[in-house]
Amino acid sequence: TIGTGQGLPLVYSIRAITDTGPRDVDTDLPPLHPFGTLEPGARASFRLKVSRDRMSSPTGATLLKVSNGAGALVWVPVNAQRGDLSSPSQ
């Protein structure tokens with residue numbers, strides 16, 4: 001399961017077949033995204049991206065909470081910058 005705060009606009013990207021052929025399709029990451037069960041040794045991928053065009057400030061950060069529901073827990077820091085927005089002067 002992946003859980004996220006709302007500090008950054010995160011999307012997950014899936015490869016989809018569209019009318020124009022295969023392409024990546026981005027979907028908003030919900031506050032909680034459950035995965036199916038993986039058998040030992042099995043692999044899965046999950047591509048996350050920051051939707052920078054929806055960032056309202058030049059920098060942003062959030063923590064992703066990744067857990068397996070059986071006690072394993074990992075916090076993953078995510079930072080992003082949006083270069084076309086000016087940074088506040090210090």
Side-chain angles (χ1 to χ4, degrees):
T1 303
I2 293 182
T4 179
Q6 298 302 315
L8 282 175
L10 297 176
V11 297
Y12 64 95
S13 186
I14 59 171
R15 194 74 167 153
I17 304 298
T18 67
D19 293 342
T20 58
R23 70 180 195 103
D24 290 333
V25 176
D26 296 339
T27 302
D28 288 341
L29 182 66
L32 186 64
H33 184 81
F35 282 100
T37 302
L38 289 177
E39 295 298 321
R43 299 175 82 176
S45 64
F46 188 76
R47 185 173 177 198
L48 290 175
K49 299 186 328 186
V50 175
S51 181
R52 283 183 171 81
D53 60 328
R54 292 178 23 210
M55 288 177 65
S56 57
S57 62
T59 61
T62 193
L63 285 172
L64 292 179
K65 177 183 175 184
V66 182
S67 66
N68 68 355
L73 175 65
V74 176
W75 289 95
V76 180
V78 179
N79 298 297
Q81 295 180 337
R82 182 170 170 179
D84 63 332
L85 296 178
S86 61
S87 295
S89 55
Q90 298 181 357

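For this chain, numbers begin at 1 and follow the sequence in order. Side chains are part of it too, since the values below use all heavy atoms of this structure and drop only hydrogens, waters and symmetry mates.
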Query raised in the report: Under the salt bridge (charged side-chain N to carboxylate O under 4.0 Å, His left out) rule, what pairs show up with a residue in residues 25-38, not counting sequence neighbours?
Result: Asp26-Lys49, Asp28-Arg54
Report summary line: Residue set satisfying side-chain hydrogen bond (donor to acceptor under 3.5 Å, both in side chains) with Arg47, at least two apart, ordered chain then number -> Asp24
**Report entry** side-chain contact (heavy atoms from CB on, under 4.5 Å) partners for Ser56, two or more places apart
**Finding:** none
Report task. Please name all residues satisfying side-chain contact (heavy atoms from CB on, under 4.5 Å) with Asn79, sequence neighbours left out, ordered by chain then number. Result -> Ala61
Report task. Not counting sequence neighbours, which residues clear side-chain contact (heavy atoms from CB on, under 4.5 Å) with Pro22? List them please. Result -> Arg15, Ile17
Query raised in the report: Are the side chain of Arg52 and the backbone of Arg82 linked by a donor-acceptor contact shorter than 3.5 Å?
Result: no
Query - Contacts of Val78 that satisfy side-chain contact (heavy atoms from CB on, under 4.5 Å) - sequence neighbours left out - result: Leu8, Leu10, Val50, Thr62, Leu64
**Report entry** Beyond-backbone contact of Met55 with Pro9, side-chain heavy atoms, under 4.5 angstrom
**Finding:** yes
Query raised in the report: From Ser67 OG over to Leu32 CG, what is the distance, rounded to the nearest 0.5 angstrom?
Result: 8.0 Å
Query - Partner residues of Ser57 under the side-chain hydrogen bond (donor to acceptor under 3.5 Å, both in side chains) criterion, sequence neighbours left out - result: none
Requested in this report: Can you label the angle between the Phe46 ring and the Tyr12 ring as parallel, tilted or perpendicular, going by 30° and 60°?
Outcome: parallel
Requested in this report: Have a look at Val76 and tell me which of Val66, Leu48, Leu63 forms a side chain to side chain contact (heavy atoms under 4.5 Å, CB included) with it.
Outcome: Val66
